[in-house]
Amino acid sequence: MQVEVKIFDQMTLQELYQLLQLRAAVFVVEQDCVYQDVDGKDQEAIHLLGKIDGQIAAYTRIFKPGDYFKNASIGRVVVDKKYRGKALGQAIMTQSLDYCRQQQFDRITISAQCYLDTFYKDLGFSPTGSTYLEDGIPHQEMVIDL
């Protein structure tokens with residue numbers, strides 16, 4: 001998988017369409033969760049596009065400290081269903097954390113779906129509070145110090 005780091009204005013229309021289609025397919029359709037994915041925050045995010053044969057297979061978006069949480073944050077972590085089981089989630093998150101280290105962000109906060117607790121703990125994240133519902137799905141805040 002080749003990972004490209006882009007700000008909103010650097011993405012092509014095709015890339016934007018692919019990432020919005022992927023997020024809708026997973027977060028809205030597959031998870032049966034009606035919510036506003038196009039939230040007006042993509043324009044200020046840093047986008048990591050994990051591509052295989054020109055198609056987005058994995059994706060994250062990163063916010064600088066203060067843009068979403070007090071700390072920098074990583075969100076919209078997603079892997080296309082046809083590429084699951086190939087450790088692409090771990091790969092895109094590792095690249096996202098590496099990017100954050102390069103930017104000298106010292107702490108990352110995420111709002112993690114609870115069923116992915118072990119996945120994020122294996123990457124070094126620790127839960128910081130109680131479970132809460134976000135768009136009807138149990139989540140927990142987790143942090144990692146870089």
Side-chain angles (χ1 to χ4, degrees), residues 1-51 55-81 83-84 87-146:
M1 177 175 71
Q2 175 189 354
V3 176
E4 298 175 12
V5 178
K6 296 186 175 191
I7 61 171
F8 186 81
D9 291 339
Q10 292 173 327
M11 286 190 287
T12 67
L13 287 176
Q14 185 65 26
E15 288 169 331
L16 179 60
Y17 184 85
Q18 281 182 31
L19 80 86
L20 293 175
Q21 186 178 42
L22 174 59
R23 289 180 358 193
V26 174
F27 298 131
V28 177
V29 177
E30 183 180 325
Q31 294 184 352
D32 193 23
C33 181
V34 178
Y35 83 110
Q36 186 65 46
D37 176 54
V38 182
D39 59 3
K41 295 179 181 166
D42 287 314
Q43 293 88 334
E44 57 192 85
I46 298 126
H47 303 269
L48 274 74
L49 311 171
K51 294 183 179 181
Q55 296 296 309
I56 298 175
Y59 168 83
T60 65
R61 70 179 185 182
I62 298 173
F63 292 98
K64 297 174 187 169
D67 283 351
Y68 194 79
F69 289 108
K70 176 184 170 188
N71 302 311
S73 63
I74 302 170
R76 296 295 200 270
V77 181
V78 64
V79 174
D80 189 315
K81 193 173 187 175
Y83 293 108
R84 292 187 194 152
L88 297 187
Q90 182 179 12
I92 195 78
M93 277 301 295
T94 299
Q95 297 240 4
S96 297
L97 290 169
D98 289 346
Y99 175 85
C100 290
R101 285 184 188 95
Q102 291 167 6
Q103 300 304 305
Q104 299 182 339
F105 300 153
D106 58 352
R107 178 175 259 206
I108 307 299
T109 300
I110 62 172
S111 178
Q113 292 183 1
C114 290
Y115 85 94
L116 292 168
D117 180 74
T118 301
F119 171 77
Y120 288 114
K121 284 180 178 175
D122 287 349
L123 289 164
F125 285 89
S126 300
T128 60
S130 303
T131 300
Y132 55 92
L133 286 179
E134 186 174 310
D135 301 314
I137 298 173
H139 281 69
Q140 64 183 339
E141 184 177 290
M142 300 183 87
V143 298
I144 187 172
D145 292 317
L146 300 178

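Residues Asp80 and Ile56 form no side-chain contact, since every pair of their non-hydrogen atoms from C-beta on lies 4.5 Å or further apart. By the 4.5 Å heavy-atom criterion applied to side chains, Cys33 and Val28 are not counted as neighbours. At a threshold of 4.5 Å between non-hydrogen side-chain atoms, the residues Gln90 and Leu123 count as touching. Looking at Ile92 and Val3, their side chains come closer than 4.5 Å, going by heavy atoms from C-beta outward. In this structure, the side chains of Phe125 and Val143 stay at 4.5 Å or more apart for every pair of heavy atoms. The shortest distance between side-chain heavy atoms of Leu16 and Gln14 does not fall below 4.5 Å.
Checked options Asn71, Asp106, Ile46, Leu146; the residue passing with Cys100 is Leu146 (criterion: side-chain contact (heavy atoms from CB on, under 4.5 Å)).
Taken from CG in Leu22 to CD in Gln55, the straight-line distance is 10.5 Å, to the nearest 0.5 Å. For the atom pair Phe105 CZ and Ile74 CD1, the distance stands at 9.5 Å (nearest 0.5 Å). The CD1 atom of Ile137 lies 8.0 Å from the OH atom of Tyr115; values are rounded to the nearest 0.5 Å. Once rounded to the nearest 0.5 Å, the distance linking CG of Leu97 with CD1 of Ile62 reads 8.0 Å. To the nearest 0.5 Å, atoms OG1 (Thr94) and CG (Leu88) are separated by 11.0 Å. One distance of note links CD of Gln18 with CG of Leu13; it measures 11.5 Å at 0.5 Å rounding.
A distance-only check finds no donor-acceptor pair linking the side chain of Glu4 to the backbone of Leu49 [under 3.5 Å]. Side-chain atoms of Glu15 come within 3.5 Å of backbone atoms of Thr12 as a donor-acceptor pair (strictly under, hydrogens ignored). At least one donor-acceptor pair closer than 3.5 Å links the side chain of His47 to the backbone N or O of Asp42. Panel note: side chain Ser73, backbone Phe69; no donor-acceptor pair is recorded below 3.5 Å. When atom types are taken as modelled, the side chain of Glu44 and the backbone of Lys41 share no donor-acceptor pair closer than 3.5 angstrom. Using modelled atom types, one side-chain atom of Arg84 and one backbone atom of Val79 make a donor-acceptor pair closer than 3.5 Å.
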Is there a side chain to side chain donor-acceptor pair (under 3.5 Å) between Ser130 and Gln140? Walk through the geometry before answering.
CA-CA 6 Å; Ser130 303; Gln140 64 183 339; over 6 Å; no

Run the side chain to side chain donor-acceptor pair (under 3.5 Å) test on Arg76 and Tyr59 for me, step by step, so that the C-alpha distance in whole Å, both residues' side-chain angles and the decisive distance to 0.1 Å come before the verdict.
CA-CA 7 Å; Arg76 296 295 200 270; Tyr59 168 83; over 6 Å; no

Does the pair Ser111 and Glu134 meet the rule for a side-chain contact (heavy atoms from CB on, under 4.5 Å), with working shown?
CA-CA 9 Å; Ser111 178; Glu134 186 174 310; 2.8 Å; yes

Test side-chain contact (heavy atoms from CB on, under 4.5 Å) on Phe63 and Thr109 and set out the steps.
CA-CA 10 Å; Phe63 292 98; Thr109 300; over 6 Å; no

side-chain contact (heavy atoms from CB on, under 4.5 Å) between Met93 and Phe119, worked out
CA-CA 10 Å; Met93 277 301 295; Phe119 171 77; 4.0 Å; yes

Any chance you could lay out the side chain to side chain donor-acceptor pair (under 3.5 Å) test for Tyr35 and Asp37, step after step, and finish with the verdict?
CA-CA 6 Å; Tyr35 83 110; Asp37 176 54; 3.1 Å; yes

Kindly indicate, with the supporting measurements, whether the criterion side chain to side chain donor-acceptor pair (under 3.5 Å) is fulfilled by Gln113 and Gln31.
CA-CA 11 Å; Gln113 292 183 1; Gln31 294 184 352; 3.0 Å; yes

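Glu141 and Lys70 are not joined by a salt bridge, as no carboxylate oxygen comes within less than 4.0 angstrom of a charged side-chain nitrogen. By the 4.0 Å N-to-carboxylate-O rule, Arg61 lies close enough to Asp39 to be salt-bridged with it.
The shortest heavy-atom contact between Pro138 and Leu133 is N-CD2, 3.7 Å. Heavy atoms only, all atoms of each residue included: Gln10 and Val5 are closest at OE1-O, 4.2 Å.
Counting heavy atoms of neighbouring residues, nucleotides and ligands inside a 6.0 Å radius, atom CD of Glu30 exceeds 12 of them. For Gln43, the CD atom sits in a packed shell: over 12 heavy atoms of surrounding residues, nucleotides or ligands are nearer than 6.0 Å. Counting non-hydrogen atoms of neighbouring residues, nucleotides and ligands closer than 6.0 angstrom, the CG atom of Asp32 reaches no more than 12 such neighbours. With a 6.0 Å radius and a threshold of 12 heavy atoms from other residues, nucleotides or ligands, Lys64 has its NZ atom at or below the threshold.
Ring geometry, Tyr132 versus His139: the interplanar angle falls under 30°, so the pair is classed parallel (tilted spans 30 to 60°).
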